[in-house]
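Have a look at the structure below before the remarks.
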Amino acid sequence: MAFSELGLSPEILQAVSEAGYTTPTPIQEQAIPHVQLGRDVLGCAQTGTGKTASFVLPMIDMLAAGRGRARMPRSLIIEPTRELASQIASAFEVYGKYHRLTMALLIGGESFTDQEKKLDRGVDVLIATPGRLLDLYGRGKILLQDVRILVIDEADRMLDMGFIPDVERIVGLLPKERQTLFFSATMPPEIKRLADFFLSDPKEIAVTPPASPAETVKQSLLVVGPADKREALFRLIRSEDVKNALIFCNRKRDVDLLSRSLARHGFDVAALHGDMAQARRTLTLERFKNGEIRLLAASDVAARGLDIAGLSHVFCFDVPHHAEDYVHRIGRTGRAGREGRSFMLAVPEDAKAVSAIEKLIGREIPRGRIDGLAETPLEFVPGGSRLPPRVEGRPPRKSFSSQNVPRQTTSQDIPRQAKRRPENEGQREKTSDPRREGGPTITGNPQTPRRNGDTDAAVGFGDHLPAFLARRPKHTL
DNA sequence: AAAAAAC
């Protein structure tokens, strides 16, 4: 089948062919006719299946007649992340280049005024992440009664991210009479229930991706000692023919640390995670996509859905805690029939997480090795994947500090600490690690400034507090 | 255990 048989307008066909596509993917072939007929669609499809074009193409034609009135968008697309929302906006630009559709991208981290101006001028297509959409709605900047087409994309991911209440609120603001297109990579019962609620008599379309990344991407697993991880990564990048690569870490701060370390070692690298200013996020991703940056160290904000043409390598610097994330991460490469390569670095205690991944993908990840680095076996720890962190210079203690020492609050305690906090704030930040500072900074004295919510105050030691009790749980820092 | 998303 060819695109020309789908009943799309000549303008769309022109734009599609200029983008280099001739044949629709299965989901496009199945969904487009139903979307054109105004039917609701429940699409079970992962990224990389051509899902985006399956709604963008017919929507452009359907919206071609008519004009969005001020603050009254005619269609709404909800996406879980800012990057995905931007990507959908680009798709509308590419395929809508011969139409005069107006579009607004409502995402957080960018100025309200530009977005409000666009809304005031009237938009045909509104693409948004839930938070900013509700914010603008709350400010009276959007009226949703003209929305005739709603797209909920990546529903399972929105569920994971706790967005479903927001999505339900948004849908509650839309007219009942509308067309709804609902996409999700998986259909767990909660998602199905949600779909039943949002959709009426939908056409159900399920496409299994032609081949899952686990099959198209050539994968390797390297088990190294924790201290060797960076060196292992450096060697891998140097020895592989890396055109461009995503490097995933589990934590945002590790993304920063690793990208700085790579930069120090002369690699062409940038960082991407959700704590960065939006302007830098956008610019960084754009430069990476353009090939101006070769390596991108990223959190899982980049794990799903991002379409980076011709990405040669994915490195998992950390083993993801959720096995599905592994599939999403490596799925950034090996797309559109191209060859992709992935390497995952594991430390011995990642054994459990690794076997969860192997169970999910139904195969063993081939073990690789790096010249000059010691091979380490995975280590199965009964009852847990991770050893408790050790305190230097002291044998692991039998959880004295984790005993629940009840916090005894005196009546004058709380108001005082609240009042005293600001003036000591800066100082506390610097001396927050009593081990490094060579002594306890917290005493049992209620005059000592403390943070609200502290539960680790010790009783029964008078003014002296043993250092091990002064260690604060991470979340109070 | 962490990431994402509103200011």
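Sequence lines set the chain letters: A, B, ... in the order given, protein chains first and strands last, and positions in each chain run from 1.
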Choose from B:dA6, B:dA1, B:dA5 the nucleotide whose nearest atom is closest to any side-chain atom of A:Thr81.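 For the A:Thr81 side chain, the nearest candidate turns out to be B:dA5.
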Nearest to the A:Arg251 side chain among B:dA6, B:dA4, B:dA1, which nucleotide is it?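 In terms of side-chain proximity for A:Arg251, the closest of B:dA6, B:dA4, B:dA1 is B:dA1.
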Whole angstroms only, please: what is the [atom1]-[atom2] distance between [X] and [N]?
X: A:Leu134; N: B:dA6; atom1: CG; atom2: C1'; answer: 9 Å
X: A:Ile107; N: B:dA4; atom1: CD1; atom2: P; answer: 14 Å
X: A:Asp135; N: B:dA5; atom1: CG; atom2: C1'; answer: 11 Å
X: A:His328; N: B:dA4; atom1: NE2; atom2: C1'; answer: 13 Å
X: A:Glu324; N: B:dA4; atom1: CD; atom2: C1'; answer: 15 Å
X: A:Ile170; N: B:dA6; atom1: CD1; atom2: P; answer: 10 Å
X: A:Leu84; N: B:dA3; atom1: CG; atom2: C1'; answer: 14 Å
X: A:Glu79; N: B:dA4; atom1: CD; atom2: P; answer: 17 Å

Counterpart residues, ring pair (Phe, Tyr, Trp, His ring centres under 6.0 Å), relative to A:Phe92 (two or more places apart):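 With sequence neighbours excluded, A:Phe92 shows a ring pair (Phe, Tyr, Trp, His ring centres under 6.0 Å) to no residue whatsoever.
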Taking only residues two or more places apart in sequence, or in another chain, which ones meet A:Phe182 in a ring pair (Phe, Tyr, Trp, His ring centres under 6.0 Å)?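 By the ring pair (Phe, Tyr, Trp, His ring centres under 6.0 Å) rule, A:Phe182 matches no residue at all.
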Between A:Arg281 and A:Glu110, does any NZ, NE, NH1 or NH2 come within less than 4.0 Å of an OD or OE carboxylate oxygen?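 Salt bridge between A:Glu110 and A:Arg281, a charged N being under 4.0 Å from a carboxylate O: no.
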Hey, is A:Arg74 close enough to A:Asp146 for a salt bridge, meaning N to O under 4.0 Å?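 A:Asp146 and A:Arg74: not salt-bridged.
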Considering just the side-chain nitrogens and oxygens of A:Arg82, establish if one lies under 4.0 Å of OP1 or OP2 belonging to B:dA3.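 The answer is no; no side-chain N or O of A:Arg82 sits under 4.0 Å from OP1 or OP2.
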A:Thr129 side chain near B:dA4 phosphate (N/O to OP1/OP2, under 4.0 Å):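 Negative; the distance criterion is not met.
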Would you state whether a donor and an acceptor, one from the side chain of A:His322 and one from the base of B:dA1, lie under 3.5 Å apart?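 It does, because a donor-acceptor pair links the side chain of A:His322 to the base of B:dA1 below 3.5 Å.
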